Number of protein chains: 2
Amino acid sequence: MTETPTEQKILDAARKLFMQKGMGATRMQEIADEAGINKALLHYYFRSKQKLFEHTFKEAFGHLQPSLQVLTNIDLPIEQRMRSFISEYVDVIEQNRFLPLFIMQEIQRDPANLYKLMTSSGFDPRKLLPLLAKAIGKSEKEAFELILNTISLVVFPYVGQPLITHVFFHGDEQAFAQALEGRKERITSLILSTIKNQ
Amino acid sequence: MTETPTEQKILDAARKLFMQKGMGATRMQEIADEAGINKALLHYYFRSKQKLFEHTFKEAFGHLQPSLQVLTNIDLPIEQRMRSFISEYVDVIEQNRFLPLFIMQEIQRDPANLYKLMTSSGFDPRKLLPLLAKAIGKSEKEAFELILNTISLVVFPYVGQPLITHVFFHGDEQAFAQALEGRKERITSLILSTIKNQ
DNA sequence: GTCTATATGGCGATAGAC
DNA sequence: GTCTATCGCCATATAGAC
């Protein structure tokens, strides 16, 4: 802890660039320039690009955990849980735009590692299905579909953002952001409509 | 047309590897090995890696075009159009499992190129919004959300498949496929419920 | 058309002075 | 701790023999 100013500058720069361009397309030189320091210093503080990336990623991924945890809070009614989950999940993504993309990539590369990352911070999605099934009074199959639909609706727009922005907003990212305003609430309504009885 | 056997071998190898690993992570050497020929031959038939990639991508992406076209068929009622679109889109993906991932990667790499690819085959998503807005009797903003939600629900499970299979089905891909059975119809119902008046 | 050998350039990483 | 200079590798691409 208690990071040095330089270390902090590096992390800020790395986060920003990884967010914008992803790990593969980001050059160490760019991070150094953005941080206003030399390329060699990156390797002095973090041994490799991979380690630097993992560091910034874990930091960001950790922010998702609270929103996942809320799903398992059986003291709240299911409607409330879903509402909070969607709201917090979207907020975190908005502040860490590269997270969905990274997760997509990591899903293809090593899904087991990603699962380990989740469980190691105390959230096991496998335990989620029985919990949700009971809460909605339906089968685990339907609980699975509930969570699948929710994540789909929340995450996809951000993964598709470059194309969506280009096609529908002529490259204007602010217009894209504006189009997504209030989407949290609309998704919530749509999802909740699927768990009403009948 | 009438490709030479070597050309065909290259295309088969390239398609397979690009789909599995993406353009950035696939090496020309790997393609040559998979095709059973030499690296230099790749450049003899296709001038560059970029050109080879675009060639295979266009081929695969072309399979999606018919399902997109059906959206613009104003002779059909909107409910029918959405139903057919979802059904055909899912069918194509089921038969080309890596296509969503392929497209995801291209979205990040070069969205403008992807858009050009769509329009060049006669489908312009920009013209879709006014069409859909009229059909559902709502604003273009709501038409945008309609198409966004639909694609999200259709595509996401396939992009997330490796993680989903690992977490919820302990690696059993058949169980995953089974869980998605009938999803076409469930998505359709959900989507159609959003375009009913009020 | 197909191969071997090599040019060319970029990037991550390191050595070593200060 | 921070810098300059450079190494070493790998990937795309090309030259040229056969």
Side-chain angles (χ1 to χ4, degrees), chain A residues 1-60 98 101-102 105-106 108-110 113, chain B residues 1-60 98 101-102 105-106 108-110 112-114:
Chain A
M1 296 302 104
T2 64
E3 287 138 350
T4 69
T6 302
E7 200 172 348
Q8 193 55 54
K9 272 191 290 183
I10 293 174
L11 283 174
D12 289 344
R15 187 186 316 112
K16 176 177 173 185
L17 287 168
F18 284 146
M19 270 175 52
Q20 284 176 8
K21 319 177 51 166
M23 149 92 166
T26 300
R27 305 290 146 232
M28 293 294 266
Q29 186 62 57
E30 292 179 289
I31 298 175
D33 292 346
E34 176 75 25
I37 51 110
N38 189 276
K39 205 173 47 158
L41 265 192
L42 299 177
H43 290 91
Y44 174 78
Y45 280 98
F46 306 86
R47 265 187 37 204
S48 67
K49 181 185 183 181
Q50 184 65 29
K51 289 232 189 299
L52 175 57
F53 182 68
E54 280 168 12
H55 196 284
T56 58
F57 170 75
K58 273 184 196 169
E59 203 179 57
F98 81 107
L101 182 58
F102 175 89
Q105 289 163 347
E106 193 69 357
Q108 315 304 322
R109 201 186 65 85
D110 189 352
N113 179 50
Chain B
M1 298 301 104
T2 63
E3 286 136 350
T4 69
T6 301
E7 200 172 349
Q8 193 56 52
K9 273 190 290 184
I10 292 175
L11 284 174
D12 289 344
R15 186 187 318 113
K16 177 177 172 184
L17 287 169
F18 282 146
M19 280 205 177
Q20 283 177 12
K21 318 180 48 169
M23 148 95 167
T26 299
R27 305 291 146 231
M28 293 294 265
Q29 185 63 57
E30 292 180 287
I31 299 174
D33 292 346
E34 175 77 24
I37 51 111
N38 189 275
K39 210 172 41 161
L41 264 192
L42 299 178
H43 290 90
Y44 174 79
Y45 281 99
F46 307 86
R47 266 188 34 206
S48 67
K49 181 185 183 181
Q50 182 65 27
K51 291 233 189 300
L52 174 57
F53 177 76
E54 280 169 12
H55 198 284
T56 59
F57 184 80
K58 272 185 201 170
E59 204 179 56
F98 287 99
L101 183 59
F102 210 11
Q105 287 161 345
E106 190 66 359
Q108 316 302 324
R109 202 186 63 87
D110 190 351
N113 180 49
L114 195 48

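None of these values were measured; they are calculated from a predicted model. Heavy atoms only: backbone and side chains are in, while hydrogens, waters and symmetry mates are out. Order of the sequence lines sets the chain letters (A, B, ...), proteins ahead of strands, with each chain counted from 1.
Side-chain contact between B:K49 and B:R27 is present, with at least one heavy-atom pair separated by less than 4.5 Å. Contact of the B:M23 side chain with the B:Q50 side chain is registered, since non-hydrogen atoms from C-beta on lie closer than 4.5 Å. Under the 4.5 Å side-chain criterion, counting only non-hydrogen atoms from C-beta, B:E7 is in contact with B:F46. Contact annotation: the side chain of B:Y45 never approaches that of B:L52 to less than 4.5 Å [non-hydrogen atoms, C-beta and beyond]. Between A:E30 and A:E34 there is no side-chain heavy-atom pair separated by less than 4.5 Å.
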For this session: With salt bridge (charged side-chain N to carboxylate O under 4.0 Å, His left out) as the test, would you mind laying out the steps for A:R15 and A:D12 before giving the verdict?
Result: CA-CA 5 Å; A:R15 187 186 316 112; A:D12 289 344; 3.3 Å; yes
Problem - A:F98/A:L17 under side chain to side chain contact (heavy atoms under 4.5 Å, CB included): CA gap, chis, key distance, verdict - result: CA-CA 9 Å; A:F98 81 107; A:L17 287 168; over 6 Å; no
* Should A:E54 and A:K51 be marked as a salt bridge (charged side-chain N to carboxylate O under 4.0 Å, His left out) after you check the CA-CA gap, both sets of side-chain angles, and the distance that decides it? -> CA-CA 5 Å; A:E54 280 168 12; A:K51 289 232 189 299; 5.3 Å; no
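In 5' to 3' order, the nucleotides of DNA chain C bounding all contacts with chain B (an atom under 4.0 Å from a heavy atom) are C:dG1 to C:dT4.
Contacts of residues 42-58 of chain B with DNA chain C (heavy atom under 4.0 Å): B:Y44, B:Y45. Of the residues in residues 23-39 of chain B, B:T26, B:R27, B:M28, B:K39 come within less than 4.0 Å of DNA chain D through at least one heavy atom, sorted by number.
Other residues, nucleotides and ligands contribute only 12 or fewer heavy atoms inside 6.0 Å of the NZ atom of B:K16.
For A:F102 and A:F53, the distance between ring centers is under 6.0 angstrom.
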